[in-house]
Amino acid sequence: MSQSLAMQPAKPLQHRDASGRLSRVVDPTREHFLRPKDGRLTPLAVQGIGDAVELSVSQRSDGRNWRYIGRQGSRIPFTMRFVCWMYSLYLNSKETEEGRPGDESRFMLILIWVPCCLLLAIMLLIPQNFEGEIRNGGYYDPVRYRDWGYAKAPRNRYEKQEEKDANRKEVDEAEDESRPFLHEDMGGDMEMGPVSHHTTTTNRSLTSGETYQNPSSYFSNEKLQSSEKLPEEMLPRHFGPRFLCFLKPDPSGSLWYETQRVSDVMKERGGHAGVDFVFVSYTRKQFSVYTEEELAMWDISEEERALRVQFSTRDRDMLIQHGIEAARAANKEAFWIDFECIRDLDEVARSTSHSDDVYRICDIVRVAHSMIIVVGPSVANQLAGGIPEVYSPSVMDRWLDEYGSRLWTLPEILLISSEERIKLHVAGIGAVEELAKRNVPARAVWRDADRVRQLIDHYESTIHLTPLELVSIALECLAWRQTDQFSSGDIAYALMGLLRRRPVVTKTDSDFEAFARLSLANVNESLLERLLCMQPVRRNDPWFEIKDAWGARLWDIEPRCQVAGVADDQTVTLDGTFGATIQWNRMDQVAFYKRPTVARTIAKIFVRTLPAWLIAGLAMTISAGSLQSALRGEDDISSEFESFGSRSSSSSNPVTTALLAVGLVFLIPAAIVLLFAPAMLWDLYRGKFWSTQALLIGIEGVPDNLGWVEKDLFGLDHGRLKWSVAGSTLSQHKTSKIGECEALPPNVSPPPGDFVADAEMESGEKERLFTLIDTYSLTATAFRAVRPPSALIVCGHEGGMQRAVLCSYDWQSNTFAREAVVRVKTTVLDRMSRVDRFRFALKRRSY
């Protein structure tokens, strides 16, 4: 049966367009686009500067999955091409209409003028559109799109997809791992004794009659709970830790500790005063804290397991001793350390936890009295049997740098109170140094010390960062730091601790999905919208590297769109954008508009009616001549019967005279108009334009010069079409002789070696050069992309220009994917239509 199923043909792929029509996709490997005429999905054919190439599916070794048709012929009417050819002898290709040709050019034009006028008279007999086709009312071709799906996390909760009752139980079970422990989910308080150090690894199940206390609440008194009513998808804030390590004297008289629930201690004391404690910060890069039970599940050799158990036992005891010493030195009764104080529902201490408390450490740091940082040699070096590292100032710098390179240590530094100095402890030695919080980045010699210092100054209220500056700088600092991954969105969840509103942790979210939900939940001045408008320095750069190829910062960009929801990994739904479809298969004649004057209107009437004048004049003149000849023939016959003198007066006829006169009235002005017809056509339909039909035309490759492109669009190279000054990262410009900004041809030289390696995608895709022609602003922009983008979507503005994202269309996911970002003139918005809410991806999905 399995063989019969395998022999069945694959289910045909279908696509639903904006009109709701389902169309079958014949070749799913081909690149497609939405045809602006009717919105149908159509295979993409791309013109270029070279010869046409038709590649089969098996022959696409160069990476193209679109039809390359090469350079296409001009669609300018043949009459206008003929007139342009005449003037091309007068104005050679190196001169614009402001140029002054020499005497030889004038002589050549005079020599061919009369024969060309006669040929032009014949050409004018054929109806032609000299002004080009005005379509869409002069607007760019629209993007006909409609999103038929749901967003995974919509901004408005009423747009959330309803879950089927049959699947509700499975969904609830799947969300148990990520759902916060809400007060209504648990029963009443459970009487629970202290958890000693010697019983932390023993599982304890609930007996009948016992109820479990809400682990998300610090105190049971509702007056201390937050008064803000949070949505279900928001995590509540904590007032402190659930567990603390309290100092206890042991029988020998020395201090030891017991891990106890804070609420139980508060009940015993009969009050609600907080408990001061010391926060112990360290990195698992330098200390192994895994329990023996956890190591028993690792797939390692017994020898390595025994060595790790030895190191873990030593490091756990060592960190506990530093915590006890720090609490005693600070005259506090408790300390907090993660592997003892973060516990799952079974309340067993482990090095790893599935509790949401992992993502609420920020609340614990905020209420801590002070903090110590414990550093030491790396675990990897000890396991490898390397040379033992002994404390020294230089070694201390390296340990602190390693400590600061971890993801979760940065929020701890930022959020700890600045009232007390941070104490630096060396493993096995004790406190060796005290630092003010603001001096930690410089002391640790972190590579982003300047940015971390800005964040510290913000939390110490010595400077004020806007929400946008805070999130962008914090994300920039967190992005390069490493971590033992709890979930894919750890960077966003570490950032979440610095903000006020925190979405529920969903472990199935990717890093971008987690950040997008965090961005939508907080007031951050449209950070996500600004991020989408940035051009990455390298194509493969991760989304959280907020670096723009033009050097702009997030706050330099003003968004013109709104993220309506999170659709998928690196995919959002956008609304409020302007957009246009790019035409790749040909270069149509561009319609234009010139100032209407009386003389131009009369000249246009004469030129357009010239064939009628010529035909009427010739017809009447020839008819008059024929009639006169017929009359002369009759006179010759009657001369046999009459004398020679009597017939001389009969040769003239008033009908032929009148017909000839009318014919000459038509023919003479027509001949004069015909003699000046090339000049009149040139003046009427060429020269300066007031406006043109808005079109976006794409070309694969970069033309050596724009002359032939302008000829295909307008008939002659008059120097109207210019390279963009700062349209892409390839654009160049200089100061002209008269002090003006002059555009130069783009820099299409190969990028540096590291960029070339980056341009080669893991899937075998590579970047290519493309050119975008804008017939409204009369500019050409060269850019690099993997695929020819089928749409230009304006998402923001910056530096006096619009940030436009060039997108290819992924028809299988109904998503526009970013290929490149260019800058276009603001005036293009006057001719662009709005794009319906659509799915936008930072990267194209591979299938």
Return the [atom1] to [atom2] distance between [X] and [Y], rounded to the nearest 0.5 Å.
| X | Y | atom1 | atom2 | result |
| --- | --- | --- | --- | --- |
| Lys160 | Lys152 | NZ | NZ | 11.0 Å |
| Arg67 | Glu31 | CZ | CD | 15.5 Å |
| Phe840 | Thr577 | CZ | OG1 | 10.0 Å |
| Ser728 | Leu806 | OG | CG | 9.5 Å |
| Ile49 | Asp704 | CD1 | CG | 6.5 Å |

Kindly indicate whether a cation-pi arrangement holds for Arg64 with Tyr68, taking the cut-offs as under 6.0 Å to the six-membered ring centre and within 45° of the axis.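 Output yes; distance and angle both within limits.
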Aromatic Trp811 / basic Arg16 pairing, under 6.0 angstrom, 45° off normal: no
Aromatic centroids of His15 and Tyr809 separated by under 6.0 Å: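 Judged by ring-centre distance (under 6.0 Å), Tyr809 and His15 do meet the cut-off.
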Tell me if the aromatic rings of Tyr145 and Phe816 count as close, with their centers under 6.0 Å from one another. yes
Would Asp830 and Tyr139 count as a side-chain hydrogen bond (donor to acceptor under 3.5 Å, both in side chains) here? Give the steps. CA-CA 8 Å; Asp830 297 336; Tyr139 276 56; over 6 Å; no
Could you tell me which residues satisfy side chain to side chain contact (heavy atoms under 4.5 Å, CB included) with Leu528, sequence neighbours excluded, listed by chain and number? Phe512, Phe515, Ala516, Ser519, Leu531, Val563, Val572
Can you tell me if CH2 on Trp690 sees more than 12 non-hydrogen neighbours from other groups inside 6.0 Å? no
Could you tell me whether the side chain of Arg834 and the main chain of Gly576 form a donor-acceptor pair under 3.5 Å?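 Looks like yes, one N/O pair under 3.5 Å.
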Look at the side chain of Arg81 and the backbone N and O of Ile76, then say whether any donor-acceptor pair between them is shorter than 3.5 Å.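 Such a contact is found between Arg81 side chain and Ile76 backbone.
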Check ring-ring contact (aromatic ring centres under 6.0 Å, His included) between Phe783 and all other residues, then give those that pass, not counting sequence neighbours.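 Phe783 satisfies ring-ring contact (aromatic ring centres under 6.0 Å, His included) with Phe770 only.
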Thinking salt bridges, do Asp712 and Arg586 make one under a 4.0 Å N-O criterion?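 Here Asp712 does not pair with Arg586 in a salt bridge, since their nearest N and O are not under 4.0 Å apart.
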Decide, yes or no, whether a salt bridge links Asp556 with Arg553 under the criterion of side-chain N to carboxylate O below 4.0 Å. no
Pairs meeting criterion salt bridge (Lys or Arg N to Asp or Glu O under 4.0 Å) with involvement of residues 560-579, two or more places apart: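 Qualifying pairs: Asp568-Arg845.
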